[in-house]
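Quick notes on the structure that follows.
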Amino acid sequence: MSKVRIYTIAKELGIDNAEMLSILDDLGVSYKSVSSTIEEDTVELIKGIIAEGGSRAAQSGAGASTEAEAAQTSQTQTPQPQTQVQPEQVAQAPATAAPAADSGMTAEELAELAALEAEEAAEQAATAARAELPHRAPVVTIMGHVDHGKTSLLDYIRSSKVAAKEAGGITQHVGAFEAQTSRGKVVFIDTPGHEAFTTIRARGANVADIAIIVIAADDSLMPQTREAIAHAQAAGVPMLVAINKVDLPQADPERVKADLTTINLVPEDYGGDVITVPVSARTGEGVEDLLEYISLTAELEDLRADPKGKFGGVIIESRVDKQAGVLATVMVQEGTLKVGDFLVVGENYGKVKAMTDSAGKRIKDAGPSTPVQILGFSEAPSSGELVASASNEHEARELVAQRQEQRRDEEEARKKPRLSLDDILGP
Ligand code: GTP
Ligand code: MG
């Protein structure tokens, strides 16, 4: 059951906060302040009361004096939101916060209310601004137990969905690739299933919008299946379960579904909400359905990013090529990455000398949800590290210097002996 803030409901119902609190008092609902939350059930009750013919406050005649007092005092006491918000948003935000005299609220509570309302208005403004941004492709991470068929599934999708492009320049294996599906672009990230690679799976889950848990139908739940599920849950990413290898005679997809229920993942045909898709990476059976579910899930997530905004990305993997030098795979998350840009990762910086897409084609710029391989770092960055951009070399150096200084300060602070309680209290 979801909860809602008292003042939000008051605003929605068009009554003032004092009235709202008096209705709650009548109902015997306890609360701390108007910023406390109440159950949705209670809201229904309140709606009923109001529909019945006005609030209790109005019935008892208190309403008139409340209004009069409000008129007198609202100009001096109504707190104004402090946060920067769009003018129209401010206009929509209620200027009706009840004055302290009759709301039973202290000045502190009023200030808290004003801050909360300003925060809400700012949030609304941000949501409204975000809704204007273009959609971006979902980033889908494939996880599961060793040998359950993650890479095979991606190979199938890749060979059938990635139009062969002319590879120019540095063609390398990239753990992330883009695929065109009938419902648009999808970015996939493969992860290893071996137990040694826990951190890679955790990072994979963290950059994902959607996690696909691959479970072999002849093997069912295994230790790294459970681990992968835990990573996806910890990262708060929606999950789809691909029950793979259904072409095998010993495949038992029903057993996989039953096993899932034992870890509180109840498949749809068991009355739950976990989507399971039977697939075969060998025959391609079910792969189209899986892609369909990915698109549907992505639609619900309403993924957007600003290609014109400030660049932000994350390192997927990096390695040193004897001839080319450091090759780093970067996932562009916000903004657009261009050849010639300066990038800062941790305490290193580099200039993008060359960039290729996941098909190995040289490109000059890359927008949100694009995995690219770049040449230009002098040291290999670690996967999972965040990538920022700087407008020139000077700015990049400054940023690195700042980070170094901050790290040294933190190290110093850690070195200093801490005072014990005995030091403070004396013998
Ligand atoms: P790791 O990356 O080591 O965790 O393994 P993985 O999950 O990527 O498995 P991979 O794709 O390497 O496949 C493991 C084995 O299963 C290979 O021999 C595949 O040929 C086989 N395999 C994968 N998918 C299928 C399938 O749908 N049907 C059958 N019959 N075999 C499959
Ligand atoms: Mg693999």
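All residue numbers in this chain count up from 1 along the given sequence. Whatever order the structure lists them in is the order used to number ligands and atoms, beginning at 1.
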**OP:** Among Asp218, Asp219, Asn244, find the residue that satisfies the side chain to side chain donor-acceptor pair (under 3.5 Å) test when tested with His148.
**Re:** Asp219
Original post:
Which pair of heavy atoms, one from Ile15 and one from Met20, lies closest together, and at what distance?
Top reply: CD1-SD, 3.7 Å
**OP:** Please report the shortest heavy-atom distance between Lys257 and Tyr270, naming the atom on each side.
**Re:** CB-CE1, 3.7 Å
Subject >> Within the 4.0 Å heavy-atom sphere of ligand 1, strictly under, residues >> reply: His145, Val146, Asp147, His148, Gly149, Lys150, Thr151, Ser152, Pro192, Gly193, Asn244, Lys245, Asp247, Leu248, Ser280, Ala281, Arg282
**OP:** Answer yes or no: is there a side-chain heavy-atom contact under 4.5 Å between Asp259 and Val256?
**Re:** no
Original post:
Charged N to carboxylate O under 4.0 angstrom, Asp357 versus Arg362?
Top reply: no
Original post:
N/O/S of Thr151 less than 2.8 Å from the Mg ion (ligand 2)?
Top reply: yes
Original post:
Crowded around Asp269 CG? As in, over 12 foreign heavy atoms under 6.0 Å?
Top reply: yes
